[in-house]
Amino acid sequence: MSQEYLTTAELAERIKYDPRTIRERLKDSVLLEGVHYVRPFGGRKTLYVWETIERDMVKHSRSSGMSLPMANGKVCNG
C-alpha cells in the first residue's frame, strides 16, 4: 500500500487553505477519519491521505447541481 501521507501544514500548503481551517472546519465534516486521514498508532498526530483527498476534490468539483457527498464515497443528489 503506497500512499502519500501529509501533515496538516503540508496539506494546507498543497490545497491553499489555512491549517486552522482544515483542523476546525474540514476535519470530521468533509475530511473523514479512516477515509481522508488516519491517526497512526492511536496517537494525536493526524496524517492526511493525499490521493483520497485529491480524488474527492476532483469528483466533487465535477458534479453539477445540488449533491451531498456521503461517507461511503457515494453522492446523494438533492
Side-chain angles (χ1 to χ4, degrees):
M1 187 160 80
S2 177
Q3 295 178 324
E4 185 177 4
Y5 295 99
L6 304 172
T7 64
T8 304
E10 291 168 336
L11 178 62
E13 185 176 315
R14 196 167 286 194
I15 65 172
K16 309 300 186 232
Y17 273 77
D18 188 87
R20 187 172 162 187
T21 301
I22 292 171
R23 284 190 302 272
E24 295 178 3
R25 301 195 77 207
L26 299 179
K27 192 169 137 263
D28 297 326
S29 63
V30 175
L31 303 175
L32 306 173
E33 186 169 8
V35 177
H36 301 104
Y37 72 91
V38 295
R39 294 178 189 271
F41 313 112
R44 290 183 54 196
K45 187 157 196 84
T46 302
L47 294 176
Y48 295 90
V49 183
W50 172 244
E51 290 80 6
T52 306
I53 293 171
E54 183 178 40
R55 178 198 71 208
D56 288 355
M57 282 192 320
V58 170
K59 185 185 341 180
H60 182 69
S61 69
R62 286 184 184 163
S63 64
S64 60
M66 295 269 303
S67 62
L68 179 65
M70 299 175 68
N72 65 3
K74 295 182 181 180
V75 176
C76 177
N77 296 307

Rounded to the nearest 0.5 Å, what separation is found between the [atom1] atom of [X] and the [atom2] atom of [Y]?
{"X": "Glu33", "Y": "Lys27", "atom1": "CD", "atom2": "NZ", "value": "7.5 Å"}
{"X": "His36", "Y": "Thr46", "atom1": "NE2", "atom2": "OG1", "value": "14.0 Å"}
{"X": "Ile53", "Y": "Tyr37", "atom1": "CD1", "atom2": "OH", "value": "10.5 Å"}
{"X": "Glu54", "Y": "Ile15", "atom1": "CD", "atom2": "CD1", "value": "11.0 Å"}
{"X": "Glu13", "Y": "Thr8", "atom1": "CD", "atom2": "OG1", "value": "13.0 Å"}
{"X": "Leu32", "Y": "Met70", "atom1": "CG", "atom2": "CE", "value": "11.5 Å"}

request  = Determine the minimum heavy-atom distance between Pro40 and Leu47, stating which atoms define it.
outcome  =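 Minimum heavy-atom contact is CG-CD1, 3.6 Å.
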
task = Give a yes or no on whether the backbone of Glu51 and the side-chain of Glu4 come within a donor-acceptor separation of less than 3.5 Å.
result =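 Side chain of Glu4 to backbone of Glu51: no pair is present.
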
For residues [X] and [Y]: do they belong to one hydrophobic cluster (side chain heavy atoms under 4.5 Å, members Ile, Leu, Val, Met, Phe, Trp, Tyr)?
{"X": "Val30", "Y": "Leu11", "answer": "yes"}
{"X": "Leu26", "Y": "Leu6", "answer": "yes"}
{"X": "Met57", "Y": "Val35", "answer": "no"}
{"X": "Leu31", "Y": "Trp50", "answer": "yes"}

inquiry  = Can you confirm whether more than 12 heavy atoms, excluding those of Arg14, are under 6.0 Å from its CZ atom?
reply    =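 Result for CZ/Arg14: enclosed.
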
